[in-house]
Number of protein chains: 2
Amino acid sequence: MSDLTVIVEPGQHDVVVTRSFDAPRDVVFKAMTSPEHLSKWWGLKESETVIDRAELRRGGSWRFVERMPDGQTYAFHGVVHDLVAPERFVQTFEYEGMPGHVCLETHSLEERDGRTLYTSVTVFQSVEDRDGMVESGMEEGLGQSMDSLDEVIATLR
Amino acid sequence: MSDLTVIVEPGQHDVVVTRSFDAPRDVVFKAMTSPEHLSKWWGLKESETVIDRAELRRGGSWRFVERMPDGQTYAFHGVVHDLVAPERFVQTFEYEGMPGHVCLETHSLEERDGRTLYTSVTVFQSVEDRDGMVESGMEEGLGQSMDSLDEVIATLR
């Protein structure tokens, strides 16, 4: 049962997401940031995600390509500002279908009684960019990714 | 005469800065992004800026250290998400005195009749972070940096 929350306040630049996972923080962090696990949970359930680059360390770059069942591909990339295992990482994010629209993501993990609370704060360059991302179905895609991540974590516990 | 504007709307995550320079865009871009020029204009007038790292290209990292007349130093670093000369660059920014507080800066240049209009949009992780930066005297420091940049540009025209 997912306790995903997605907070999108009107007229603001940010989206705040929380979800808990039934595993210690280091397990969740590993599932979130290891290339071999990332390809299993990142993106929609029906798509296949290819990790083109995943230098998940301070100053590294990442690029993921999502392939849909109809063969259509969607690519995303960014740079990692900071990564402090197993606490948090801060990175940029750009969908290559809308070049020049960049956001800053802060992903944090807190452990509470053996469970882990995940929080992400994403800030966009404008409120319009934020609203466009939300309207494109971000919440649905995110929910699917988080459920898949939960399944990956279950195999690592 | 500076036409600097700094827009800080209440309750928002961003700061928008504009200023024009009396030079073509490629000259302004060069002055803004070349390490040999950066050290001359970046930071307060009374400080000395040492360019520790300036990999100003997509995926590069930067770190600048500002030394005040009393010997106190202030360091800043980030990663470059994108750089398209002479149009724009997008990078992260963190003041090392407040670790974990990161912002995303988008710097754009437009040429109009031989002059260049510079616009920067900076988005912070929270409204509180944005307000803290503004209250720390950001506008004064920015004004001094922009005036020094103007002087550097005058030597390159």
Side-chain angles (χ1 to χ4, degrees), chain A residues 7-17 52-63 75-84 87-96 98-110 119-131 133, chain B residues 7-17 52-63 75-84 87-96 98-110 119-131 133:
Chain A
I7 301 171
V8 181
E9 284 192 26
Q12 292 291 315
H13 287 73
D14 64 335
V15 173
V16 179
V17 172
D52 180 33
R53 195 163 57 250
E55 304 159 352
L56 298 181
R57 49 173 170 73
R58 179 188 276 210
S61 294
W62 65 270
R63 184 171 187 270
F76 308 84
H77 72 265
V79 287
V80 179
H81 176 86
D82 207 3
L83 183 143
V84 182
E87 281 173 38
R88 63 185 223 130
F89 57 104
V90 180
Q91 63 184 20
T92 61
F93 174 100
E94 180 174 352
Y95 164 46
E96 295 180 6
M98 285 186 64
H101 297 265
V102 185
C103 50
L104 180 69
E105 302 178 340
T106 303
H107 303 270
S108 312
L109 298 177
E110 274 176 86
T119 304
S120 79
V121 176
T122 302
V123 284
F124 295 77
Q125 288 157 313
S126 69
V127 177
E128 294 70 33
D129 273 12
R130 199 268 326 240
D131 289 348
M133 180 69 94
Chain B
I7 301 171
V8 181
E9 284 192 26
Q12 293 292 313
H13 288 73
D14 63 336
V15 173
V16 179
V17 172
D52 181 31
R53 195 163 57 250
E55 304 159 352
L56 298 180
R57 50 173 169 74
R58 180 188 276 211
S61 293
W62 65 271
R63 184 171 187 270
F76 308 85
H77 72 266
V79 286
V80 179
H81 175 85
D82 208 1
L83 183 143
V84 182
E87 283 173 39
R88 62 185 224 129
F89 58 103
V90 180
Q91 65 184 18
T92 60
F93 174 100
E94 179 174 351
Y95 164 46
E96 295 179 7
M98 284 186 63
H101 297 265
V102 185
C103 49
L104 180 69
E105 303 178 340
T106 303
H107 304 269
S108 313
L109 298 177
E110 276 176 86
T119 304
S120 79
V121 176
T122 302
V123 284
F124 295 77
Q125 289 158 313
S126 68
V127 176
E128 294 68 34
D129 274 11
R130 199 268 324 243
D131 289 348
M133 180 70 92

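Proteins get letters first, then strands, A, B, ... in listed order; numbering begins at 1 in each. This structure is a prediction, so every number in the text was calculated from the model and none was measured. Values below: every heavy atom of this structure, side chains too, minus hydrogens, waters and symmetry copies.
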Least distance between heavy atoms, [X] atom then [Y] atom:
X: B:Ser61; Y: A:Gly59; answer: OG-CA, 4.0 Å
X: A:Val80; Y: B:Val79; answer: O-CG1, 3.6 Å
X: B:Gln12; Y: A:Val127; answer: OE1-CG2, 3.9 Å
X: A:Val121; Y: B:Gln125; answer: CG1-O, 3.7 Å

Anything under 30° is parallel, anything over 60° is perpendicular, the rest tilted; go ahead and classify A:His81 against B:His77.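 The arrangement is parallel - the two ring planes meet at less than 30°.
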With respect to chain A, which residue among B:Leu104, B:Val84, B:Asp82 yields the maximal number of heavy-atom pairs within a distance under 4.5 Å?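 Highest number of heavy-atom pairs under 4.5 Å: B:Leu104.
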So how far is it from B:Gln91 CD to A:Thr92 OG1, rounded to the nearest 0.5 Å?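 B:Gln91 CD to A:Thr92 OG1: 11.5 Å, rounded to 0.5 Å.
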Chain B contacts, top residue of [options] (heavy-atom pairs, under 4.5 Å):
options: A:Arg58, A:Glu55, A:His13, A:Arg88; result: A:His13
options: A:Cys103, A:Gly60, A:Gly100; result: A:Gly100
options: A:Thr122, A:Val90, A:Asp14; result: A:Asp14

More than 12 heavy atoms of other residues, nucleotides or ligands under 6.0 Å from CD of B:Glu96: yes or no?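 Atom CD in B:Glu96 is crowded, with more than 12 foreign heavy atoms closer than 6.0 Å.
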